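Worksheet for the structure shown next.
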Protein chains: 2
Amino acid sequence: MTADAVARFRRFSRAVTREVGALDESFLGRGRPLGVARVLNAVGRGRTDLSGLRDELNLDSGLLSRLLRGLEAEGLVDTQVQRGDGRRRVATLTRVGRSEFEAYEALSDARAAEVLGRAPRPEALLAAMDLVATVLGRERIVLRTVSPDDPAAVHCLRAYYAELAARFSGGFDVASSRDPAVADMVAPRGAFVVALSDGLPIGCVALKGDGGAHAEIKRLWVAPSARGLGLARRLMAATEDAARELGVARLRLDSNSALTEALALYRATGWTEIDRFNDDPYPDLFFEKRL
Amino acid sequence: MTADAVARFRRFSRAVTREVGALDESFLGRGRPLGVARVLNAVGRGRTDLSGLRDELNLDSGLLSRLLRGLEAEGLVDTQVQRGDGRRRVATLTRVGRSEFEAYEALSDARAAEVLGRAPRPEALLAAMDLVATVLGRERIVLRTVSPDDPAAVHCLRAYYAELAARFSGGFDVASSRDPAVADMVAPRGAFVVALSDGLPIGCVALKGDGGAHAEIKRLWVAPSARGLGLARRLMAATEDAARELGVARLRLDSNSALTEALALYRATGWTEIDRFNDDPYPDLFFEKRL
DNA sequence: CATGATCTCTGACCTAAGTCAGGCATCCCG
DNA sequence: CGGGATGCCTGACTTAGGTCAGAGATCATG
């Protein structure tokens, strides 16, 4: 790694520490120390079991206990024993606690909106932030099987269509393509997998089945910010696993010669080119893979 | 600002807090608390006057005093009264202190190199980090007059040539253009101004004079990460001021129709198009401005 | 040169955060 | 059902970080 690259990285760290440090202190704006506020925040986001809280916030058992006592005294949380295991306990927000949690959320949102509002070219800034956050957090990218009308799926599909429109010389219009029925992309006929990085959808792929031994891969997309991380390969592998579990023996897909990265992936992972098998106007290349 | 944009911003903050938080703790890796390490770092970087240290690190006078006593006891810094004002004091690193400072630097460099080394497409990551850091730190961009052979200037010029090569349909080669002599771009004949964001050069402009009442603007460049911040305008204004102070009455410049942003700037800031005044092969548009 | 302002230092004090050992209730399993 | 493991709590203690008031030295100025 060159000295210049390291200097640029460190400059980034400094700039962001300054900015994000200020963000942290906004937690102090409500007269509660950071540690307590972090617990309130984690409980509000659904991390209610104490052992999970300790792991997530990296707290000593004694310290967490004390912080929770403080929040209880303020009337913000309740703790009860976990049903099923009397040793464990769970914390929940009271009504007051919930509104306090929301006040913190609103504060953070407002702070973020303010910084973004002052930025020129906010779209470029956000794209850069997505890239940085995705790369730094690439160990924590998770795949999840969802319905194609889940918001995360819809977000990916919209981005996928926009990208096709930009990359196909003649543009792209979903209406003139074959848009698979939702029922064909959920179990037991098919599947829809999204990749989430810290909650943000950054990739997807669909398995469209007909209930038999054949199924089709559709809608493989990876966000620009997540390219180069091997995510497409991971999505494809997950979908192949899902297909096997559904009893599918042969997969097909159609593609377009403008989608060079995808084609390289198919060729590198055991797909073989076959003849055209549909009359969709956009694809010009067709592949299959036996499982 | 849309909810989606705010969510993306906050995701970025979380990701970076995690990563940079870990970076902060690397300071703790040498058995010294963060506060002390920060003081050592600031002194090592040349911030030696105590009042400046207090401002920069946002420390109470008493606390700084105590931290410095600790560093003195370790034999890492010396403090003496400032010559000229016996109330003020300055801190300097001892030889041991200097090597300890360098150990911290090496540690931070190694940490940065490690993260970068694991990243796919490090150039894209760095470009995104530059953009984020420049935009977040745009209030702290400073202009500085330097010699054209200063490293910051050289960095900008190299990037400028590379950009011309990419944007001119026929490419660009400095050798076949007129490269001004260094002496024409330093006082009293001319000037060379760079823009620095937290030490990183992100823009430049040259004033090439011949000692008389005419001078020429050359080498106006702004890094991609810094576009949209009004930096070119600021650089041009600074150069015009410098020209006035050198007694220049009329400025000229040549440009190329591929450089649309620059042309828009010239037209918006009082420049008028004139006839070709040189036989350089690259420019096809010529401007002047009376001061 | 007297006076008020400025700068640094020290001592007293405080909070947040974290560590550690031991206690107690509950669970799991032979 | 008994004994070890698990999970949580409490009390005692430590460290880092920070605030505040006042002392002492030096400076600027009328």
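Side-chain atoms are counted along with the backbone in the values below, which use heavy atoms only and exclude waters and symmetry mates. It should be emphasised that the depicted structure is a prediction, and the values quoted were computed from it without experimental measurement. The chains referred to below are lettered A, B, ... by the order of the sequence lines, with proteins before strands, and numbering in each begins at 1.
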Considering only side-chain heavy atoms of [X], which listed nucleotide, [options], is closest?
| X | options | value |
| --- | --- | --- |
| B/Asp60 | C/dA17, D/dC20, D/dC27 | D/dC20 |
| A/Arg69 | D/dT10, D/dG18, D/dC27 | D/dT10 |
| A/Asp85 | D/dC27, C/dC27, C/dC9 | C/dC27 |
| B/Arg66 | C/dA12, D/dT10, C/dT19 | C/dA12 |
| A/Leu50 | D/dC8, C/dG18, C/dT8 | D/dC8 |
| A/Pro33 | C/dA17, D/dT26, C/dT19 | C/dA17 |

Identified side chain to side chain donor-acceptor pair (under 3.5 Å) counterpart of A/Asp85 within the set A/Gln82, A/Arg88, A/Arg83 |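 Of the listed residues A/Gln82, A/Arg88, A/Arg83, the side chain to side chain donor-acceptor pair (under 3.5 Å) partner of A/Asp85 is A/Arg88.
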How do A/Gly84 and A/Val36 order along DNA chain C: which one's closest nucleotide is nearer the 5' end?
->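 The answer here is A/Val36.
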With nearest nucleotides of DNA chain C determined for A/Arg32 and B/Gly62 from heavy-atom distances, which residue corresponds to the more 5′ nucleotide?
->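 So the residue in question is B/Gly62.
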Rounded to whole angstrom units, what separation is found between the [atom1] atom of [X] and the [atom2] atom of [N]?
| X | N | atom1 | atom2 | result |
| --- | --- | --- | --- | --- |
| A/Gln80 | C/dT26 | CD | P | 16 Å |
| B/Leu34 | D/dT15 | CG | P | 18 Å |
| B/Leu57 | D/dA16 | CG | C1' | 16 Å |
| B/Arg38 | D/dA16 | CZ | C1' | 13 Å |
| B/Leu63 | D/dG17 | CG | C1' | 6 Å |
| B/Gln82 | C/dC9 | CD | P | 13 Å |
| A/Leu68 | D/dC9 | CG | P | 7 Å |
| B/Asn58 | D/dG17 | CG | P | 14 Å |

If only side-chain N and O atoms of A/Arg88 are considered, is one of them under 4.0 Å from the OP1 or OP2 phosphate oxygen of C/dC27?
->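 The answer is no; no side-chain N or O of A/Arg88 sits under 4.0 Å from OP1 or OP2.
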Does OP1 or OP2 of C/dT8 have a side-chain N or O of B/Arg54 closer than 4.0 Å?
->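 It does, given that an N or O in the side chain of B/Arg54 lies less than 4.0 Å from OP1 or OP2 of C/dT8.
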Side chains of A/Asp4 and A/Thr2: donor-acceptor distance under 3.5 Å anywhere?
->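 Absent: no donor and acceptor within the cut-off.
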Are B/Thr92 and B/Arg98 close enough that a side-chain donor and a side-chain acceptor fall under 3.5 Å?
->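 There is no such pair (donor and acceptor under 3.5 Å, judged by atom type) between the side chains of B/Thr92 and B/Arg98.
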Report yes if the side chains of B/Val135 and A/Pro120 come closer than 4.5 Å at any heavy-atom pair, otherwise no.
->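 Yes, at least one pair of side-chain atoms sits under 4.5 Å.
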CZ of A/Arg140: more than 12 outside heavy atoms within 6.0 angstrom?
->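 Yes, the 6.0 Å shell around CZ holds more than 12 heavy atoms from other groups.
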